[in-house]
Visitor: 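Next up is a structure, given as structure tokens.
These figures come from a predicted structure and were not determined experimentally.
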Amino acid sequence: MAFNPPRTWFGAKRYGWGISPHTWEGWLLLAALVIILATLGATVFS
């Protein structure tokens, strides 16, 4: 059986500081965070 090393969801950006999503799980997590923050912002400031 072949060993599959774990994939990282986020990795270092090529240019600049920070991290960026590398897999679909990372993109899903980022989208969920944006939706949660937008919902909280809409309820607090309405």
Side-chain angles (χ1 to χ4, degrees):
M1 184 154 99
F3 174 70
N4 293 330
R7 296 179 302 164
T8 57
W9 291 2
F10 294 90
K13 292 170 54 176
R14 287 185 182 208
Y15 303 104
W17 294 359
I19 58 174
S20 63
H22 283 204
T23 62
W24 68 268
E25 294 97 343
W27 284 106
L28 183 66
L29 185 64
L30 181 64
L33 179 63
V34 168
I35 291 170
I36 290 170
L37 291 176
T39 304
L40 286 173
T43 57
V44 168
F45 295 112
S46 63

Visitor: Which hydrophobic side chains are connected to Leu29, either touching it within the sub-4.5 Å cutoff or through other members that do?
Guide: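 Taking Ile, Leu, Val, Met, Phe, Trp and Tyr as members, Leu29 shares its hydrophobic cluster with Trp9, Phe10, Ile19.
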Visitor: Side-chain atoms of residues 39-46: list all donor-acceptor pairs with protein atoms under 3.5 Å, sequence neighbours left out, distances to 0.1 Å.
Guide:
residue, atom, partner, partner atom, Å
Thr39, OG1, Ile35, O, 2.8
Thr43, OG1, Thr39, O, 3.2
Thr43, OG1, Leu40, O, 3.0
Ser46, OG, Ala42, O, 3.0
Ser46, OG, Thr43, O, 3.4

Visitor: For residues 22-38, which residue pairs pass the side-chain hydrogen bond (donor to acceptor under 3.5 Å, both in side chains) check, not counting sequence neighbours?
Guide: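 Of all non-adjacent pairs touching residues 22-38, those that pass side-chain hydrogen bond (donor to acceptor under 3.5 Å, both in side chains) are Arg7-Glu25, Thr23-Glu25.
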Visitor: Salt bridge (Lys or Arg N to Asp or Glu O under 4.0 Å): which pairs involve residues 33-46, sequence neighbours left out?
Guide: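 Every pair satisfying salt bridge (Lys or Arg N to Asp or Glu O under 4.0 Å) with a residue in residues 33-46: there are none.
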Visitor: Locate the shortest heavy-atom distance separating Gly26 from Pro21; write the atom from each residue and the value.
Guide: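 Minimum heavy-atom contact is C-CB, 3.8 Å.
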Visitor: Going by the salt bridge (Lys or Arg N to Asp or Glu O under 4.0 Å) test, which pairs reach into residues 36-46, not counting sequence neighbours?
Guide: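 Residue pairs passing salt bridge (Lys or Arg N to Asp or Glu O under 4.0 Å), neighbours aside: none found.
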Visitor: Applying salt bridge (Lys or Arg N to Asp or Glu O under 4.0 Å), which residue pairs with at least one partner in residues 35-46 are found, sequence neighbours left out?
Guide: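 Qualifying pairs, neighbours excluded: none.
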Visitor: Give me each pair satisfying salt bridge (Lys or Arg N to Asp or Glu O under 4.0 Å) with a member in residues 33-46, each pair once, sequence neighbours excluded.
Guide: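 Salt bridge (Lys or Arg N to Asp or Glu O under 4.0 Å) check on residues 33-46 returns no pairs.
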